Amino acid sequence: MKGKAYLVGAGPGDYGLITIKGMELIKKADVIIYDRLINSGYLLSARKGCELIYAGKGPKNHEMTQEEISRLIADKALEGKLVVRLKGGDPYVFGRGGEEALQLRESGVEFEVVPGITSAVAGLAYAGIPITHRGVADSFHVITGHLAAGERRDWRALAELKGTLVFLMGMENLGHIAKELIQNGKSPDTPAAVINWATTGRQKVAVSTLSGIEAEARAAGLGSPSLIAVGEVVELRSELAFFEKLPLHGKRVIVTRSRGQASALSGRLREMGAETVEIPAIEIVNEPFGEALEKAIKDLRGYTHIVFTSVNGVDIFFESLSAAGLDSRSLSGMTVAAIGPATEAALKDRGIRADIVPAEYTGENVAASLLPTIRRDSRVLLPRAKGARRELVELLSRECRVDEVVTYEAAMPKQEKDSAQAIAELEKADIVTFTSSSTVRNFIGLIGEEGIPILKEKLIVSIGPITSMELEKYGLKPSLQAAEYTIDGLLDVMKKNAEVE
Ligand code: SAH
């Protein structure tokens, strides 16, 4: 098979700012060779078994030379693989993408370029600065701020440009750039901005004049990566800034759900301006439990009720049903209960409208709302996770026969992040979210005893009382608990809290 390489622009940092084409390639790739400045969340979309290679070059530490990286892309493609070379922003804007493409061409490797949103444009936009503006700037110029030793630059020509100037890789030379522009004729009062970690939850912006920008940026502690914008358009920021106004802007939030589910919650948090770190704390394992479920499905006619207590439970049940050559019609005539709205929605996706959804989402309430429909000869099937709470079974089995069938286990994932890494992430975070008691158990298992005091200092957000109870077992008190025990409720309480803060 012939391999192929794609030079893919990963955009400026905000998870949403990648192209559809780029994302589809990430999902298909055999090998992803990625840079330092890409949003690492994209790597979670790589398929199982995809080889992930870090080829980042920091401003100081060159871990792999450009030649080595270019060769590596070509070699992997020559092995017959689909290679995605994932680069920050746009691959051809100061990304040395051109060199990589030339190497591919020379090696006879077929390749394509997938453009990305460059930070030069998007970074200004997210800072509230339109890069051109009628009557203010009718051109823009993207310039490297990195000056090779002994390089002579025509500063006069740059200083004479009337359009917006955007310098990339310029933080080490910020003072020098400002000085040269002023000495060559640009007014020292020209508005200027430094935009650090643009489009991410860490975005910070310093605004001043050309003569004052260095002091202002240093005082704000802004280093690399930053964009330096010079021109009258910078003044529009006072009217057009939007990104910093999002409720969770500037907050780093740890998300501890199973891998598949984590991304949905993270996405919602990012919409609220947060920076998210996914530490998947549970993994759904249904390996050894298949047989019991198959048996229950064979015997489905014998049940009058079926109770689902999680989305995973629904997914696994219907997969098994389908594997047995059956479909949702097998549930006709049964009373179907869902523990809460997410489970209800998962059932609806399978064409089943739940008969019973309690107002509060705990086992006790499911039992209370089921009881009126139960007779002595009822038979309840309860397919659910290993180690689930006993209350529901105990309450119902006083009235009739209840078959609990363990269909999966919410297990601790084989860690991609070890304990030290998890603690390091925890230290940097402001908020930690817990969406079930198993995420609490497994996360604490991961960070260990020494992590608990660190966790104590963070804003801990719990999805509901059962999760909070689990936290209390470790001497932790949630700072916030959702009023409605759902992801929406969780986001809601965080938003309300941010408003009063
Ligand atoms: N190909 C990239 C640029 C690579 S050069 C693009 O199109 O955006 C790396 C430089 O880009 C950094 O030194 C910084 O100046 C700029 N940069 C990239 N991402 C940035 C971000 N999120 N915030 C601020 N500057 C960024």
Side-chain angles (χ1 to χ4, degrees), residues 6-19 22 33-42 55-63 66 69-70 73 84-101 113-129 131 140-148 164-178 192-207 213-214 217 220-230 234 237 241 243-244 249-250 252 270 273 275-276:
Y6 293 84
L7 305 182
V8 176
D14 180 340
Y15 184 82
L17 295 183
I18 191 170
T19 61
I33 303 172
Y34 63 98
D35 269 353
R36 187 175 63 106
L37 288 182
I38 67 144
N39 184 320
S40 57
Y42 299 139
K57 292 178 287 179
K60 295 223 165 64
N61 60 324
H62 284 242
E63 286 167 16
Q66 185 57 52
I69 297 171
S70 301
I73 305 168
V84 164
R85 167 67 172 130
L86 197 55
K87 302 169 72 65
D90 179 88
Y92 279 172
V93 177
F94 300 127
R96 304 190 69 172
E99 286 160 66
E100 293 173 3
V113 179
V114 180
I117 299 179
T118 178
S119 64
V121 176
L124 270 64
Y126 268 49
I129 304 170
I131 200 164
F140 65 85
H141 312 271
V142 178
I143 306 151
T144 172
H146 179 81
L147 304 169
T164 306
L165 306 183
V166 183
F167 292 89
L168 273 66
M169 300 178 286
M171 285 312 276
E172 278 184 36
N173 293 317
L174 176 57
H176 180 74
I177 292 168
V194 166
I195 309 152
N196 185 226
W197 284 112
T199 82
T200 75
R202 293 149 85 181
Q203 172 172 311
K204 286 209 182 85
V205 183
V207 175
I213 190 64
E214 186 187 20
L222 307 188
S224 187
S226 289
L227 304 153
I228 304 164
V230 180
V234 169
R237 169 173 162 79
F243 190 55
E244 292 92 339
H249 177 77
R252 252 175 107 86
R270 281 191 297 260
E275 197 188 345
T276 59

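As the structure is a prediction and not an experimental result, all values here were calculated from the model. Just so you know, these numbers use all the heavy atoms, side chains as well, and skip hydrogens, waters and symmetry mates. Counting starts at 1 for both ligands and their atoms, in listed order.
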Query raised in the report: Considering only protein heavy atoms, which is closest to atom 5 (S) of ligand 1, and at what distance to one decimal place?
Result: Phe94 O, 3.6 Å

Report task. Give a yes/no verdict on whether any heavy atom in Asp90 is under 4.0 Å from an atom of ligand 1. Result -> yes

Requested in this report: Write down the atom of Val194, the atom of Ala217, and the distance for their closest heavy-atom approach.
Outcome: CG2-CB, 4.0 Å

Query raised in the report: What atoms of ligand 1 come within less than 4.0 Å of a heavy atom belonging to Ile195?
Result: 24 (C)

Requested in this report: Flag Gly88 as yes when one of its N or O atoms lies below 3.5 Å from any N or O atom of ligand 1, and as no otherwise.
Outcome: yes

Report task. Give the ring-plane orientation class for Tyr126 versus Phe243, where under 30° counts as parallel, over 60° as perpendicular and anything between as tilted. Result -> tilted

Report task. Report yes or no: does Ser226 have a heavy atom closer than 4.0 Å to ligand 1? Result -> yes

Requested in this report: Give the numbers and elements of all ligand 1 atoms closer than 4.0 Å to a heavy atom of Leu168.
Outcome: 3 (C), 11 (O), 15 (O), 16 (C)

Query raised in the report: Quick one: ring-ring contact (aromatic ring centres under 6.0 Å, His included) partners of Tyr6, sequence neighbours excluded?
Result: none

Query - Closest non-hydrogen atom pair between Ala101 and Tyr92, with its separation - result: CB-OH, 3.4 Å

Query raised in the report: Heavy atoms only: which of Gly95, Gly13, Pro12 is nearest to atom 22 (N) of ligand 1?
Result: Pro12

Query raised in the report: Any idea which atoms of ligand 1 are less than 4.0 Å away from a heavy-atom of Ser119?
Result: 6 (C), 7 (O), 8 (O), 11 (O), 16 (C), 17 (N), 18 (C), 19 (N), 20 (C), 26 (C)

Query raised in the report: Shortest non-hydrogen contact from Ile213 to Ala192?
Result: CD1-O, 3.6 Å

Query raised in the report: Of all the non-hydrogen atoms in the protein, which one sits nearest to atom 23 (N) of ligand 1, and at what distance?
Result: Ala198 N, 2.8 Å

**Report entry** Enumerated ligand 1 atoms positioned under 4.0 Å from heavy atoms of Trp197
**Finding:** 22 (N), 23 (N), 24 (C)

Report task. Run the numbers for me: atoms of ligand 1, each under 4.0 Å from some heavy atom of Val93, listed by number. Result -> 1 (N), 2 (C), 3 (C), 4 (C), 7 (O)

Query raised in the report: Among side-chain atoms of Ser226 and Asn196, is any donor-acceptor pair under 3.5 angstrom?
Result: yes

Query raised in the report: What is the closest protein heavy atom to atom 24 (C) of ligand 1, and at what distance does it sit?
Result: Pro225 O, 3.4 Å

Query raised in the report: Which residue from His146, Arg96, Met169 reaches closest to atom 10 (C) of ligand 1 through any of its heavy atoms?
Result: Met169

Requested in this report: Flag the pair Lys87 and Glu100 as a salt bridge only when some basic side-chain nitrogen lies within less than 4.0 angstrom of an acidic carboxylate oxygen.
Outcome: yes

Requested in this report: Verify the neighbour count for atom NE2 of His141: are there more than 12 heavy atoms of other residues, nucleotides or ligands below 6.0 Å?
Outcome: yes

Requested in this report: Quick one: closest heavy-atom pair of Gly223 and Met171, and the distance?
Outcome: O-CG, 3.6 Å

Report task. Say whether Thr200 and ligand 1 are in contact under the criterion: heavy-atom distance to a ligand atom below 4.0 Å. Result -> no

Report summary line: Contacts of Tyr42 meeting ring-ring contact (aromatic ring centres under 6.0 Å, His included) (sequence neighbours excluded), chain-then-number -> Tyr15

Query raised in the report: Considering only heavy atoms of Thr118, which atoms of ligand 1 have at least one such atom less than 4.0 Å away?
Result: 6 (C), 7 (O), 8 (O)

